[in-house]
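Counting starts at 1 for both ligands and their atoms, following the listed order. As the structure is a computational prediction, the values presented were derived from the model and not from experiment. Start at 1 with the first residue, then count along the sequence.
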Amino acid sequence: MRVLLVGGGGREHAIGNALVRGGAELYVVSKHRNPGLARLAKGYGLASETDVEKVLNYAEKFGVELAFIGPEAPLEKGIVDVLEENGIPAVGPTKEAAKLETDKTFARSLMERYEIPGRKLFRVFSDVSEMRSWIGDFGRPVVVKPIGLTGGKGVKVVGYQLRDNEEAKAYAEELIKKDGKVLIEERTDGVEFTFQVFTDGKRAIPMPLAQDYPHAYEDDEGPITGGMGSYSCSSHLLPFVTREDYEKALETLKATIKAMRKNGTPYKGILYGQFMLSKDGPVLIEYNARFGDPEAMNVLPLLRTGLLGVAEGIVDSSLGKAEFEKKATVVKYLAPKGYPLNPIKGVKVQVNEEAIAEAGAKLYYASIDENFTLLGSRAIAVVGIAETLEEAEGIAQSAIGHVKGELFYRRDVGTRESVEKRIKLMKELGKDFEPNSC
Ligand code: GLY
């Protein structure tokens with residue numbers, strides 16, 4: 001089957017690989033030529049992923065029978081609606097359904113209206129003085145969020161990016177002046193984790209849990225990025241996420257899918273729940289309407305069921321089972337020095353692909369062109385897969401040494417110490433649990 005993949009990052013390289021492994025004939029449209037995808041694809045169109053008309057033209061030119069949308073920005077533009085109106089079924093939610101990610105007011109209101117478990121207290125303000133007085137009365141630390149897509153960079157939390165609720169008021173005022181509205185939520189303390197499911201609008205097929213490292217530097221310091229790496233465990237849980245927490249988080253995602261159906265905005269594709277594990281259980285922080293990047297690279301190499309079959313099940317509403325190998329994974333991203341604030345661009349890097357393969361690691365290309373020139377965002381990911389987290393981390397680490405250039409990465413992604421730090425934090429918060437092995 002001829003399949004069009006939209007997007008050219010590391011996530012999409014992993015999706016493209018899994019589609020080809022599952023028997024697809026691959027075509028790609030993205031704004032740069034990803035060297036990994038270029039090798040897998042029978043045809044490659046260069047266009048902005050949000051230029052829906054151009055993507056449609058390529059889809060028609062390539063004669064594809066199915067499309068798979070990688071990033072969120074084209075979903076916000078209604079790419080699925082346009083492709084489907086033109087007879088091309090697509091994996092991904094419609095513009096309305098993608099509001100789960102693209103409009104935080106929609107997401108929070110849906111949770112409230114349908115009493116979806118795992119929700120947190122929130123308010124939306126368009127009036128500065130109302131916002132100021134509510135935060136003043138609330139007293140406890142808050143989170144300030146822009147309403148729309150921000151590439152993960154606009155959310156600010158009291159105690160982290162904001163000193164106190166006074167700074168939160170000032171930032172929220174700035175957002176009201178810029179966007180007309182702002183979302184204020186109560187702060188939940190705990191450890192974040194990622195739960196992705198495939199859904200055809202009715203069923204939810206869970207994928208292994210993963211943990212992302214959003215900060216740029218070691219020990220969770222520095223600016224927030226798209227994610228500098230991530231790990232997953234052979235149990236498909238995480239060391240600090242118990243089976244009971246897992247079931248609760250899955251219930252949140254299943255209830256969301258059901259609510260979307262009742263709401264008249266049925267949701268199909270990949271639903272990504274970003275959860276905060278509080279001492280009382282998982283709380284939904286945000287939905288994403290697509291695979292995580294890097295988290296797609298944790299789960300897709302483990303997928304035993306062909307992704308093409310899963311994709312067909314999603315668009316035909318006949319989703320069956322999807323099985324994942326019981327292995328641990330560690331993804332480490334290499335990003336240009338200075339990323340995310342002031343990244344080096346336009347310089348070449350050297351990648352010894354053979355040595356990376358010999359080290360037993362997988363390699364995914366992202367923001368880098370066919371001449372191996374850095375384009376400014378996360379450039380290359382290496383993935384270790386093994387029986388234990390320690391082995392997987394060792395494999396990823398040894399592969400990193402075979403990429404040379406003006407790049408940096410986080411040594412601590414998936415290390416024992418960084419996992420222990422998260423277990424310790426949960427214990428300090430008063431969670432009573434026996435850590436799962438990983
Ligand atoms: N890694 C976070 C995301 O994909 O949104």
query: Among pairs that include at least one residue of residues 381-394, which meet side-chain hydrogen bond (donor to acceptor under 3.5 Å, both in side chains), considering only residues two or more places apart or in two chains?
result: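 Matches after skipping sequence neighbours: K332-E393, T388-E391, E393-R411.
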- request: Sequence neighbours left out, what pairs pass salt bridge (Lys or Arg N to Asp or Glu O under 4.0 Å) with at least one residue falling in residues 251-272?
  value: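 Sorted result for residues 251-272: E84-K268.
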query: When you look for protein heavy atoms under 4.0 Å from ligand 1, which residues do they belong to?
result: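 Heavy-atom contacts below 4.0 Å: D212, G226, Y272, N288, R290, G292, D293, P294, E295.
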message: Less than 4.5 Å apart, side chain to side chain, heavy atoms only: is that true for Y333 and M297?
response: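 They are in side-chain contact.
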message: Counting C-beta onward and ignoring hydrogens, is there a side-chain heavy-atom pair between V3 and V64 closer than 4.5 Å?
response: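 Side-chain contact under 4.5 Å: no.
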message: When you measure from the side chain of H13 to the backbone of Y364, do you find a donor-acceptor pair of N or O atoms at a distance under 3.5 Å?
response: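 No, because the side chain of H13 does not come within donor-acceptor range (under 3.5 Å) of the backbone of Y364.
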- request: Mind jotting down which residue pairs meet the disulfide (SG to SG under 2.5 Å) criterion with at least one end in residues 171-243? Sequence neighbours excluded, please.
  value: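 Sorted result for residues 171-243: C233-C438.
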